[in-house]
Number of protein chains: 2
Amino acid sequence: MTPRPYVSRARAAAAEARRQAVIEAAAAFMRANPMTVFSLESVAAAAGVTRLTVYKQFGSRGGLLEAVFDVLARNGRLGRIADVVTDPDPREGLMRLAEVFCDFWSGDAAVGRLHDAMATDPDLARALSERNERRRRAVAALLERMQLPATAGQRRDAADLIFALTSYPMFRLLSGGRSAAGACALIKAACSDALDRLTARPPAGRASGTHWH
Amino acid sequence: MTPRPYVSRARAAAAEARRQAVIEAAAAFMRANPMTVFSLESVAAAAGVTRLTVYKQFGSRGGLLEAVFDVLARNGRLGRIADVVTDPDPREGLMRLAEVFCDFWSGDAAVGRLHDAMATDPDLARALSERNERRRRAVAALLERMQLPATAGQRRDAADLIFALTSYPMFRLLSGGRSAAGACALIKAACSDALDRLTARPPAGRASGTHWH
DNA sequence: ATTTGAGTATACGGCTTGTAATTCTAAAAA
DNA sequence: TTTTTAGAATTACAAGCCGTATACTCAAAT
């Protein structure tokens with residue numbers, strides 16, 4: 001009973017097409033419904049396949065969510081990050097970085113839903129956190145290129161602050177009753193302030209001397 | 001068969017004691033475990049009661065979570081907010097406000113777990129959002145008292161930015177690899193910068209003229 | 001024509017949140 | 001002290017998840 005060679009071209013293509021259909025159906029479902037009603041049964045029905053097919057394709061609920069995030073990142077033009085980190089003017093690059101991510105956070109509602117799912121899916125949380133670290137490294141690289149008169153600790157503080165300012169939770173908090181452009185302007189202003197703190201001011205700033213118990 | 005009057009003193013007291021025990025058991029469970037394994041069965045067992053007792057006391061899972069949040073807010077010394085909004089120096093009051101909330105976010109790990117639960121529990125999300133609006137109003141009140149040379153829109157932007165800076169997501173993002181005191185210092189510095197933008201700078205700041213598509 | 005693989009159908013087990021009916025227990029009233 | 005009564009425990013049930021296992025279908029590759 002030695003298995004004979006079998007390479008399926010059309011079958012693999014059809015499977016890949018169905019896989020993409022399931023991913024798109026999941027993304028569409030996430031755009032239209034809160035994450036509390038997201039279930040494999042629902043997306044399977046929306047994609048016209050069975051729940052078992054989803055399992056065969058993605059292994060688990062978390063696997064499907066990670067696959068959805070991958071296409072979201074691909075469609076979200078996050079490839080621009082490579083451009084902005086090499087911007088001749090690092091400061092301008094940082095502003096463009098903020099714009100790229102505001103664009104990403106506001107472009108597809110499914111992105112926010114995925115962030116909600118992080119609370120219930122530890123695997124997805126790790127995957128997204130890892131992706132976010134790329135943003136932190138991009139910010140740090142831009143800061144390094146700015147030749148700032150600051151200690152390593154101050155640079156790290158600034159990088160972490162800008163990392164947080166350009167995060168999805170920050171964007172969501174500022175998006176209440178405000179356009180995406182307005183939220184982006186606020187975020188860029190705050191990032192700019194964080195940079196000014198490192199350049200124009202004395203090492204011990206106005207509020208850094210206060211106590212905290 | 002007209003029921004005769006019956007007012008239970010000791011029984012009601014015992015019920016209230018059990019209620020508090022359930023709340024404390026839930027908080028302890030949340031401190032020790034991630035929210036993904038939180039179930040009424042677990043907390044009921046930890047509290048030494050039955051799951052049905054939890055339902056009789058709190059009505060639902062969300063009801064229990066809201067009750068937990070109430071005692072957390074009570075223990076978290078959030079009553080200091082009333083003091084800081086009436087601080088003679090509004091700017092100092094804002095710094096104290098940031099400290100009060102950094103204290104709250106870092107004081108009990110259950111607070112963070114409750115924020116995680118917001119993603120799965122819409123009722124809890126509404127309840128916590130409503131509480132958070134109190135913070136926004138406190139920030140706005142302090143800003144009003146500062147007599148800033150700014151338009152209403154600029155004040156609203158600053159209030160929203162400071163509201164976001166003092167939120168739990170911001171604190172969590174800045175707490176990675178940093179002490180609570182360090183995160184608080186960063187947050188206060190950012191808040192201070194947001195105020196400086198309204199006072200010392202021209203109405204059109206350095207980064208506010210950039211575009212966003 | 002026969003093997004092969006992907007999808008389907010069906011079923012099960014385990015865990016959740018809720019609800020319902022019944023019984024037990026101890027405190028309050030007579 | 002005896003009876004009434006509220007609260008909790010017990011048991012059971014319905015529905016919805018996720019995840020897995022087995023057998024079956026059917027089109028594609030050999």
Side-chain angles (χ1 to χ4, degrees), chain A residues 1-23 25-26 29-30 33-67 116-117 119-124, chain B residues 1-23 25-26 29-30 33-68 117 119-124:
Chain A
M1 299 297 185
T2 162
R4 74 183 177 195
Y6 189 97
V7 281
S8 64
R9 296 194 316 278
R11 304 227 71 160
E16 180 58 24
R18 276 203 187 83
R19 180 187 171 89
Q20 295 305 323
V22 170
I23 292 177
F29 190 91
M30 288 163 65
N33 306 95
M35 215 54 194
T36 53
V37 297
F38 181 91
S39 73
L40 299 189
E41 198 78 48
S42 321
V43 315
V49 296
T50 321
R51 188 169 63 95
L52 270 295
T53 303
V54 180
Y55 272 100
K56 288 291 174 189
Q57 289 278 7
F58 305 97
S60 73
R61 172 192 166 99
L64 172 60
L65 293 179
E66 291 186 37
D116 292 343
T120 67
D121 207 302
D123 292 343
L124 180 67
Chain B
M1 297 297 185
T2 161
R4 72 182 180 194
Y6 188 97
V7 280
S8 63
R9 292 196 319 280
R11 303 229 70 161
E16 179 59 23
R18 277 203 188 84
R19 178 186 172 90
Q20 296 304 324
V22 170
I23 292 177
F29 190 91
M30 288 163 62
N33 306 94
M35 216 54 195
T36 53
V37 298
F38 181 91
S39 72
L40 299 187
E41 198 78 49
S42 321
V43 315
V49 297
T50 320
R51 187 170 62 93
L52 270 296
T53 304
V54 180
Y55 272 100
K56 286 294 173 190
Q57 289 278 7
F58 304 97
S60 74
R61 174 192 166 98
L64 171 60
L65 293 179
E66 292 186 38
V68 170
T120 67
D121 207 304
D123 292 343
L124 179 67

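No experiment lies behind these values; they were computed from the predicted model shown. Order of the sequence lines fixes the chain letters, A, B, ..., with proteins taken first and strands second; residue numbering starts at 1 for each chain.
Dashed line: the shortest gap from a side-chain N or O of Gln57(B) to OP1 or OP2 of dG7(D) is not under 4.0 Å.
As a whole-Å value, the separation of Leu52(B) CG from dC13(D) P is 15 Å. Atom CG of Leu64(A) is separated from atom P of dG19(D) by 11 Å (rounded to the nearest Å). When the C1' atom of dT16(C) is taken as reference, atom CG of Asp121(B) falls 14 Å away, rounded to whole Å. Taking atom CG of Asp123(A) as the reference point, atom P of dC18(D) lies 15 Å away to the nearest angstrom. The nearest whole Å value for the distance from the OH atom in Tyr55(B) to the P atom in dT10(D) is 17 Å. Counting to the nearest Å, the P atom of dT10(D) and the NZ atom of Lys56(B) are 15 Å from each other.
Contacts between residues 15-23 of chain A and DNA chain C, defined by a heavy-atom separation below 4.0 Å, involve Ala15(A), Arg18(A), listed by number. Contact check of residues 34-47 of chain A against DNA chain D (heavy atom, cut-off under 4.0 Å) returns Ser39(A), Leu40(A).
Atom CG of residue Leu52(B) and atom CG of residue Leu40(B) lie 10.5 Å apart, to the nearest 0.5 angstrom. Distance check: Arg61(B) CZ to Ser39(B) OG gives 8.0 Å after rounding to the nearest 0.5 Å. To the nearest 0.5 Å, atoms CZ (Arg18(B)) and CD1 (Ile23(B)) are separated by 14.5 Å.
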Apply side chain to side chain contact (heavy atoms under 4.5 Å, CB included) to Lys56(B) and Val49(B), showing your working.
-> CA-CA 11 Å; Lys56(B) 286 294 173 190; Val49(B) 297; over 6 Å; no
Check against side chain to side chain contact (heavy atoms under 4.5 Å, CB included), Val43(A) and Phe38(A) | CA-CA 8 Å; Val43(A) 315; Phe38(A) 181 91; 3.5 Å; yes
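Looking at which nucleotide of DNA chain D each of Gly62(A) and Ala14(B) is closest to, the 5′-most match is held by Ala14(B).
A donor and an acceptor atom sit less than 3.5 Å apart, one in the side chain of Arg51(A) and one in the base of dG19(D). Not a single donor-acceptor contact under 3.5 angstrom links the side-chain atoms of Arg11(A) to the base of dA29(D).
Between Leu65(B) and Met35(B) the shortest side-chain heavy-atom distance falls below 4.5 Å. For the pair Phe29(A)/Val37(A), a side-chain contact is recorded, criterion being any heavy-atom separation below 4.5 Å from C-beta on. Considering only heavy atoms from C-beta on, Glu66(A) stays 4.5 Å or farther from Phe58(A) through its side chain.
Between the side chain of Gln57(B) and the backbone N or O of Ala15(B), at least one donor-acceptor pair lies under 3.5 Å.
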